[in-house]
Structure formats: structure tokens, C-alpha cells
Amino acid sequence: MIGISRRGMMKAGAAAGVLAATGMPASAMGKRGGTLRVGLNGANTSDTWDGRTHSDAFMINAAHGCVFDCLTEVAADGTLKGELAESWEATADAKTWTFNLRQGVTFHNGKAFGADDVIESLGMHTAEDSKSAAKPIVSAISEMKKITDHQIQFTLAAGNADFPFLLSDYHILMFPAGMIEEAIQKGIGTGLYSVVSFEPGVRFVGKRVEDHYKGDTAGFFDSVEFIAINDSSARMNALMTGQVDVVNRVDFKTEPLMRANPNVEIFEVTGNQHFTFPMLTGSAPFDDVNVRKALKFGINRQEMVDKILLGHGAVGNDHPIGPANQYYAADLPQIEYDLDKAKFYMKEAGLDSLNVELSASDAAFTGAVDAAQLYQASAKGAGINIDVVQEPADGYWSNVWLKKPWCACYWSGRATEDWMFSTAYEAGVPWNDTGWENARFQELLLTARAELDSAKRSEMYTEMQMLMSTEGGTIVPMYANYVDAHSTKLANSGTIGNTFQMDGSRLAERWWFA
């Protein structure tokens, strides 16, 4: 399959209206064998194989990266290639897409994969009671038509030049039709590794599927073992003492020790990951834009990059589009740490002082509690009194995020601007963690989505980033590099994906023992 970049897809779409991908990329073969042991944080006792609920590293790597497949996949080099879809094409207005599905693929229980599985798997996300973060992606499909067992046509309510990219979303996993509940209970997918055992919040063990359709170019381990290690120090120690082969989210405080260890290598890539402090704009005092602006000027972003990331990142500007995105608005005025401006907006809100609670846990991101305390100290001079509430790590995403008025959070970012905006900032979507609604922003979101002219899209996405930066309810103090670490026993192709941590959350597929 020839990978097509988003930029290349749009250009081809504007010129010919046909955007397709065919064939598998050539890949240097790795050494087969062994058990990969992975130490991951982001695990919860409430974890399941239901892709609609996945929000953190453990289940994203286990499901999207091992047990299940999507229709498309963002390769390590950022190009798009087919996974369960073999090729696709669109009409000139990018509203009707025809996907040709891979033949000869079976689920782990022996059921053949086909169009019915795609239709039912996508339908999960738009069910009446669904809280899936992918609901806005699937809701944009007005009709799904099975043409043959291995060809399906999607008609969108409005054109979307990024549609094939969206189908690589880690929530949109393919399940066997007619047995989805059983597949969620047992973890029945079409991925390179089938489930041997799964204890939520503790451990996942998978074994390699023989004669897999990807088997010639991926999946080099005989088995994989994912161990939940939410504590940063324990996770780093597990790697340095050889208990695991790779860990995610390096603790920057112990990084010098790890670099001094001859058996450990750190791998770092710049992506769109950003750490945030979202506030529910429907709750007082965050419903006042002047309060939000005061809080934006009361945070010392550079201090956070220096002290929390130890230089492994860059200052953010209160919008979610990162340096790796095509339409990143690097020239927007940077919101600086300015206590005089913070005081000015406090007065505009009719306040002399402000008392607010900020919930934080290192489950949100490594160093989140320390970051909240830095924020507390930096804002105090403006009369902003932040009470940092340290929340339990277990259950943070179900009990704090989207529920407490102000909290710490992280986002991996997305491969396209529309994907990021529609996942977290489109009005009414499940993961809109501020509830912020702006009529102009929503208008631009819909218009830019269907626009094939790159220059026009750039103008619209720049304005959207500006609106979020100046008026939105999300504090984005910093972009964080993905910094993970592995044993020197492991090897890879030399190109590491930056869509998510751990090589796009597909390390178990792409790496091998040297």
C-alpha cells in the first residue's frame, strides 16, 4: 500500500477527486521471537476492551496496538496506509468515499472479516447512550452502504478531506458483527496478538497470531506482556533493573540515571502532545471570559517547560494544534506571564481576588501535581488563590476529568487539525472538556473541514487557534515531547512515529529483539 500524506491527499483530491492507497510498504524484517515486556502507566481497574472508552496509554497500546485493527493506520513516517482497508477513493467534493476491504482476514475466533463488521463496529459509536470520543467522527457519516462483502461506501453529511485519516482513530476498532459484547468481554479482534489473559489495571498478555495478514512486515515477538506501573519511579526502576524491556513517559527527574545506564536508551520525538488545564466554562467563575483571561496571564509557561519538562518540549499558547500539525499557527501572539494583565482582567470581572480549586494527579501527566503547584505560586501575585487538590491516580479519568470544574489533563494531539478540534472542541461532543462554545469557531470548523484549498484552510485554522487562545477555556502551557525508554536489546526501523507515545502506540507491532 502506498502511503499518502494528508498534504498529498488533499492535493490529489483537489486535482482529481480520487484519493487512494494500494499495496504494503517495504520494511526491513526484524528478528522473530521472544516475549516483549512493557511497563506502562495509564492503566485503570475500570479498563475494558471497549474502544469507545479508551483514553490512556495502557489500553491504547494493548487494543489499538496489539489486539485490534482499524480501517487505516498512520505509519511511523506520518503517511497514511491501509490496515483493514486495502484502498479507497472519493468523489471530487470529498463527500462520498468507497473503501475496498482486505480479504482473507479473520478475527481471533475464526470469523471472517467483512463489510458487516465495519458497519456494526462504526454503529457502536453513534448508539443513543454512547459516550465515545469518536462519536463526532462517525456521526458525520449520513449513510453506510454495503456494496459487497469487501466493499463499503460512506456518504458524509458534508465533505471531509481528512476522512481516511479519521478512521485510524484508536477508538474506532473493528469488532465482529453479531458478537460485539462477547468481543468486548474477551478481546476478540483481528490484531497481531490475541488475548491470553487480561486483568484490568494490572496486566495484559497476548500471543502472536500465526499467518496474520501483516505477518511478513510486523509483529516480531512471540508474545507480549503489558504490566501496569502507574508510579513513575517504579516504572523507571523496572526498566533499569531489567524487569521490563520498555517503558513509557520517562520521569525527567530520573532521566540522568537512565542515560548513565549502558543497558538503557531513551527515545524522544516531537509531536503534538500537549498538557492542559481545562476549565468547565459553564461553571462559575469560569463562565466569565475575563476570569479565563486572568488565569491565562497568571501562568508562567516557560517555568513549566523548564521545571516540569526539563526542556523536553515547548511553550504552549492555549490552543491544541501542535508544531507537528500542518496548519500550526506559529505566528500568533504568545500569551506571556503578566501579572498586571491578570489583575486587569480580574478587575474587568469585578474581582479583587479569586479563590479556585485545581484538581491534579500524575495520572493526567507526569509532574501534573508539581505543575499545578507552580501555577499556584505564579498566579498568587495577581490575587488568584489556587487550592491544588491532589486526586487519586486510579479512576482519575472517570471521576475527575469532565466532572471537576478545573483539572489537569493531557492530549496526545491528532494527525489533522479537524480531527483534534472535532474530538475535543466541537460543540456537544463527549470529550469537549471545557464545554466552550463559540459561534464563529463552530462555523469555521464546518467550513474548513470540507475545504480542499490548502491556503484557505490555513487561514481558517489560524483564526480558530486565535479564538481558542484568547477566549477559550483551556490553558495549554506546554507541548511535551514523547520521551520513552527501552532496553538496548530492542531494535526498530530507525523511524519512530510521533502521533502518539510509544511509536504511535504500535511499538509491539513495529519493534523486535536485536
Side-chain angles (χ1 to χ4, degrees), residues 24-43 47 49 57-70 73-76 81 83-84 105-108 170 173 186-199 202-229 235 238-249 263-267 482 484-497 499-514:
M24 284 291 288
S27 174
M29 283 294 294
K31 180 183 177 183
R32 279 288 309 274
T35 296
L36 174 70
R37 301 163 303 162
V38 184
L40 289 168
N41 79 337
D47 286 341
W49 292 112
F58 192 96
M59 289 311 299
I60 295 171
N61 278 271
H64 170 261
C66 287
V67 177
F68 293 87
D69 291 325
C70 298
E73 174 187 351
V74 179
K81 64 179 183 178
E83 193 160 36
L84 287 175
V105 176
T106 59
F107 287 91
H108 299 151
Y170 60 79
L173 309 174
K186 297 179 179 178
I188 301 171
T190 60
L192 275 158
Y193 298 94
S194 62
V195 177
V196 173
S197 63
F198 174 53
E199 186 177 353
V202 180
R203 187 184 308 268
F204 152 66
V205 177
K207 66 176 181 180
R208 189 181 192 274
V209 175
E210 295 302 324
D211 300 320
H212 193 272
Y213 72 92
K214 286 186 181 180
D216 291 337
T217 57
F220 304 104
F221 304 106
D222 290 334
S223 59
V224 295
E225 181 180 9
F226 288 7
I227 305 164
I229 313 177
R235 196 166 63 256
L239 176 63
M240 288 190 287
T241 56
Q243 298 174 64
V244 297
D245 304 304
V246 60
V247 296
N248 70 329
R249 294 176 182 159
N263 300 315
V264 171
E265 288 186 8
I266 291 176
F267 58 108
Y482 293 122
D484 306 312
H486 66 92
S487 161
T488 53
K489 294 186 296 182
L490 286 178
N492 60 74
S493 69
T495 301
I496 298 173
T499 52
F500 299 106
Q501 59 188 284
M502 301 288 278
D503 199 352
S505 296
R506 290 181 179 267
L507 185 144
E509 288 192 2
R510 298 173 180 171
W511 291 42
W512 56 84
F513 283 117

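Heavy-atom basis, side chains included; hydrogens, waters and symmetry copies ignored. Along the sequence shown, residues are numbered consecutively beginning with 1. Being a predicted model, the structure only gives us computed values, none of them experimental.
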_Residues Val244, Ile227; criterion side chain to side chain contact (heavy atoms under 4.5 Å, CB included); working and verdict_ = CA-CA 8 Å; Val244 297; Ile227 305 164; 4.0 Å; yes

_Rounded at 0.5 Å granularity, tell me how far CZ in Arg510 sits from OG in Ser493._
8.0 Å

*Describe, in one word, how the ring planes of Trp49 and Phe198 are oriented to each other, choosing from parallel (under 30°), tilted (30 to 60°) and perpendicular (over 60°).*
tilted

*Do Asn61 and Leu40 have side chains that get closer than 4.5 Å, going by heavy atoms?*
yes

*Does a side-chain heavy-atom distance below 4.5 Å link Lys186 with Val195?*
no

*For Tyr193 and Ala508, indicate whether the former's side chain and the latter's backbone hold a donor-acceptor pair under 3.5 Å.*
yes

*Kindly indicate, with the supporting measurements, whether the criterion side chain to side chain contact (heavy atoms under 4.5 Å, CB included) is fulfilled by Leu507 and Val246.*
CA-CA 9 Å; Leu507 185 144; Val246 60; 3.9 Å; yes

*Find the distance between OG (Ser505) and OH (Tyr482) and round it off to the nearest 0.5 Å.*
8.0 Å

*Verify, without hydrogens or angle tests, whether His212 (side chain) and Thr190 (backbone) share a donor-acceptor contact under 3.5 angstrom.*
yes

*Residues two or more places apart in sequence or in another chain: which of them pass ring-ring contact (aromatic ring centres under 6.0 Å, His included) with His486?*
Phe267, Trp511

*Might you work through the side chain to side chain contact (heavy atoms under 4.5 Å, CB included) test for Tyr213 and Leu84, ending with a clear yes or no?*
CA-CA 9 Å; Tyr213 72 92; Leu84 287 175; 3.7 Å; yes

_Using side-chain heavy atoms (C-beta onward) and a distance below 4.5 Å, is Leu36 in contact with Trp512?_
no

*Would a distance-only check, ignoring hydrogens and angles, find a side-chain to backbone donor-acceptor pair under 3.5 Å from Arg235 to Ile229?*
yes

_Residues which pass side chain to side chain contact (heavy atoms under 4.5 Å, CB included) with Val202, listed by chain and number, not counting sequence neighbours_ = Glu199

_Minimum heavy-atom distance Asn248-Ala57, with the two atoms named_ = ND2-CB, 3.5 Å

*Distance (rounded to the nearest 0.5 Å) between Lys207 NZ and Cys66 SG*: 14.5 Å

*Which atom pair, heavy atoms only, marks the closest approach of Arg32 to Gly219?*
CD-O, 4.0 Å

*How far does CG of Asn41 sit from CZ of Phe58, to the nearest 0.5 angstrom?*
10.5 Å

*To the nearest 0.5 angstrom, please state how far the CD1 atom of Ile60 sits from the CZ atom of Arg506.*
11.5 Å

_Strictly below 4.0 Å, N to O, side chains only: are Glu73 and Lys214 in salt-bridge contact?_
yes

*For the residue pair Tyr170 and His64, categorise the inter-ring angle as parallel (less than 30°), tilted (30 to 60°) or perpendicular (more than 60°).*
perpendicular

*asked:* Measuring only between side-chain heavy atoms, which start at C-beta, is Cys70 closer than 4.5 Å to Leu173?
replied: yes

_4.5 Å side-chain heavy-atom contact, Asp222 and Thr35_ = no

*Given side chains that start at C-beta, do those of Asp245 and Phe221 come closer than 4.5 Å, heavy atoms only?*
no

*What are the two closest heavy atoms between Ala485 and Val264, and how far apart are they?*
CB-CG1, 4.3 Å

*Say whether, by atom type as modelled, one donor and one acceptor occur between the side chain of Arg37 and the main chain of Gln243 under 3.5 angstrom.*
yes

*asked:* Using side-chain hydrogen bond (donor to acceptor under 3.5 Å, both in side chains), reason through Asn492 and Asp503 one step at a time and then give a plain yes or no.
replied: CA-CA 10 Å; Asn492 60 74; Asp503 199 352; over 6 Å; no

*With a 4.0 Å cut-off, would you call Lys489 and Glu265 a salt bridge?*
no

*Would His108 and Val209 satisfy side chain to side chain contact (heavy atoms under 4.5 Å, CB included), going step by step from the backbone distance to the final call?*
CA-CA 8 Å; His108 299 151; Val209 175; 3.7 Å; yes

*Under 3.5 Å donor-acceptor, Asp484 side chain and Met502 backbone*: yes

